[in-house]
K.L.:
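So that we are looking at the same thing, I have put the structure below in structure tokens.
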Number of protein chains: 2
Amino acid sequence: MPKIVDAEERRRAVAEAVFAVVGRRGLEGASLRNVANEAGLAIGSVRHYFGDHGELLVFAMKELSRRFEHRVLAHVERLAECRDGEERREVAEAMLQEFLPLDATRREEAAVWSAFVTAARTRPELRPRAREVLEGTREVMTRVLEGARRTGALRKGLDVELESVRLAALLDGLTVQAVQVPELLPPRLLRTVLRTHLDTLTDGGW
Amino acid sequence: MPKIVDAEERRRAVAEAVFAVVGRRGLEGASLRNVANEAGLAIGSVRHYFGDHGELLVFAMKELSRRFEHRVLAHVERLAECRDGEERREVAEAMLQEFLPLDATRREEAAVWSAFVTAARTRPELRPRAREVLEGTREVMTRVLEGARRTGALRKGLDVELESVRLAALLDGLTVQAVQVPELLPPRLLRTVLRTHLDTLTDGGW
DNA sequence: AATTTTCTGGCACGACCGTGCCAGAAAACA
DNA sequence: TGTTTTCTGGCACGGTCGTGCCAGAAAATT
């Protein structure tokens, strides 16, 4: 075999180019030509690693969600190691902040993800991953709230399932709006809203 | 002058075709040809009423938000006429439900709006309207919460501005997720989450 | 050194796009 | 009736798209 080249790494590099193009020009700008150009490759090379255009988009979407999940799960693991109550609250809050576009990098990621998810409604290939991520998000919410309930931090009488849906929706709403009109949802406000919400779930202590 | 034809009405009819096409094929499917075909017109006719393609999209987006605002403001007026506390709560909740995709029609509307808003990030012509609607939404939230505060229904110690942001984000998040994966957010659940949230704002009574 | 396989780069085709342009139909006005 | 203006329908252009196809470069294998 020729040309020592790690195929998977190359695919990831191309995905990176997809993110850049989508961030700048939207998903409809992510043509093979534009992506290849962004990646500094010839269009033929890109096509060697991806069967067709749809496959490229699916891979990029999966890659984006994979990275995101990786970051979140790191927090979840740290959460499992916590014994101290105060520390639990801080780690949980840090984990939930991971869902918010608090800096330019994350805002771009969120914008790109938003583009994929919107497109997923009309493009069947993209739908499964959109659904998986939403389900995963809800599950993470359930896990953290259930954990809080076990340690007695959660207010009595709360429906954990319902609160998971509410929390997931709140985070998604904040993200979508912050991507749309960042001026109206600066990082500070995003953090405050999240903290306020968590306070209502834990009536004071944690 | 020739051809008795109400230009504005024709423009609205074309906008209707835009909604149908975007609902079915996404915004990138809303080409002049597809829209004209959907409206039963020749492409030349559509172009007579809209300077260019961008103008068509801007008009359609404005028309969609205009209709939505009209519906919401009707509720707001009814809210102003309310004297009874119980009635106020019901009308307010009905108004807030207007933001949720509770039936197929509204789900389609929300999906189309979502497509426009996502595109607005990369298309400058669409940005102003996206921002206006978000600001308007937040203002409506502030108005209804401020009203509740005046009548003593709101829990003490709540920051109305902050709660407006939180409520608006929650509604947006529920909507976006319901458009993405309707199975995970059936109308019943949407209503329950909203009601639960309002309960936490009014500690019991209203 | 010869062969095989992976990889790169690019040409060409058909499809769709927005738009400039124009000819003719249709109705109001002279 | 003739003129004018609005409206309709369509042709043709340049551009971008995904994709089929292929030739040659490059490296591992024989």
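Owing to the predicted nature of the structure, the values given are computational and were not obtained by experimental measurement. Convention: sequence-line order gives letters A, B, ...; per-chain numbering from 1.
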K.L.:
What closest approach, in Å, do A/Ala30 and A/His53 show between heavy atoms, and which atom pair accounts for it?
P.N.:
O-NE2, 2.8 Å
K.L.:
Could you list the residues that satisfy side chain to side chain donor-acceptor pair (under 3.5 Å) with B/Arg33, not counting sequence neighbours?
P.N.:
none
K.L.:
Determine to 10° how strongly the helix from C/dA1-D/dT30 to C/dC29-D/dG2 is bent, judged from the axes of its five-pair ends.
P.N.:
10°
K.L.:
Answer yes or no: does a side-chain N or O of A/Ser45 lie under 4.0 Å from OP1 or OP2 of C/dC7?
P.N.:
no
K.L.:
For residues 174-182 of chain B, run the donor-acceptor check on the side chains, cut-off 3.5 Å, and write out each pair with its distance to 0.1 Å, sequence neighbours left out.
P.N.:
from     : atom 1 : to       : atom 2 : distance (Å)
B/Thr175 : OG1    : B/Phe99  : O      : 3.0
B/Thr175 : OG1    : B/Leu171 : O      : 2.8
B/Gln177 : NE2    : A/Ala168 : O      : 3.4
B/Gln177 : NE2    : A/Asp172 : OD2    : 3.1

K.L.:
Sequence neighbours left out, what passes side chain to side chain donor-acceptor pair (under 3.5 Å) with A/Thr137? Give chain and number order.
P.N.:
none
K.L.:
Check the distance between C/dG18's P and B/Asn37's CG and give it to me in whole angstrom.
P.N.:
13 Å
K.L.:
Please report, rounded to the nearest Å, how far the P atom of D/dA25 is from the NE2 atom of A/His48.
P.N.:
17 Å
K.L.:
Using a 4.0 Å cut-off on protein heavy atoms (strictly under), produce a 5'-to-3' string for nucleotides 10-20 of chain D with B for base contact, S for backbone-only sugar-phosphate contact, and - for none.
P.N.:
B-B----BBBB
K.L.:
Sequence neighbours excluded, which residues qualify as salt bridge (charged side-chain N to carboxylate O under 4.0 Å, His left out) partners of A/Arg67?
P.N.:
A/Glu16, A/Glu63
K.L.:
With sequence neighbours left out, which residue pairs that include part of residues 113-122 of chain A fulfil the side chain to side chain donor-acceptor pair (under 3.5 Å) condition?
P.N.:
A/Thr118-B/Thr118
K.L.:
At less than 4.0 Å, is any side-chain N or O atom of A/Tyr49 found next to OP1 or OP2 of C/dT8? Yes or no.
P.N.:
yes
K.L.:
Check side chain to side chain donor-acceptor pair (under 3.5 Å) between B/Glu77 and all other residues, then give those that pass, not counting sequence neighbours.
P.N.:
none
K.L.:
Kindly write out the residues that satisfy side chain to side chain donor-acceptor pair (under 3.5 Å) with B/Glu38, not counting sequence neighbours, or none if the list is empty.
P.N.:
B/Arg24
K.L.:
By side-chain contact (heavy atoms from CB on, under 4.5 Å), which residues pair with A/Pro186, not counting sequence neighbours?
P.N.:
A/Leu189
K.L.:
Does anything in residues 119-127 of chain B come within less than 4.0 Å of DNA chain C? Heavy atoms only, and list the residues if so.
P.N.:
none
K.L.:
Can you name the residues that form a salt bridge (charged side-chain N to carboxylate O under 4.0 Å, His left out) with B/Glu69, not counting sequence neighbours?
P.N.:
B/Arg129
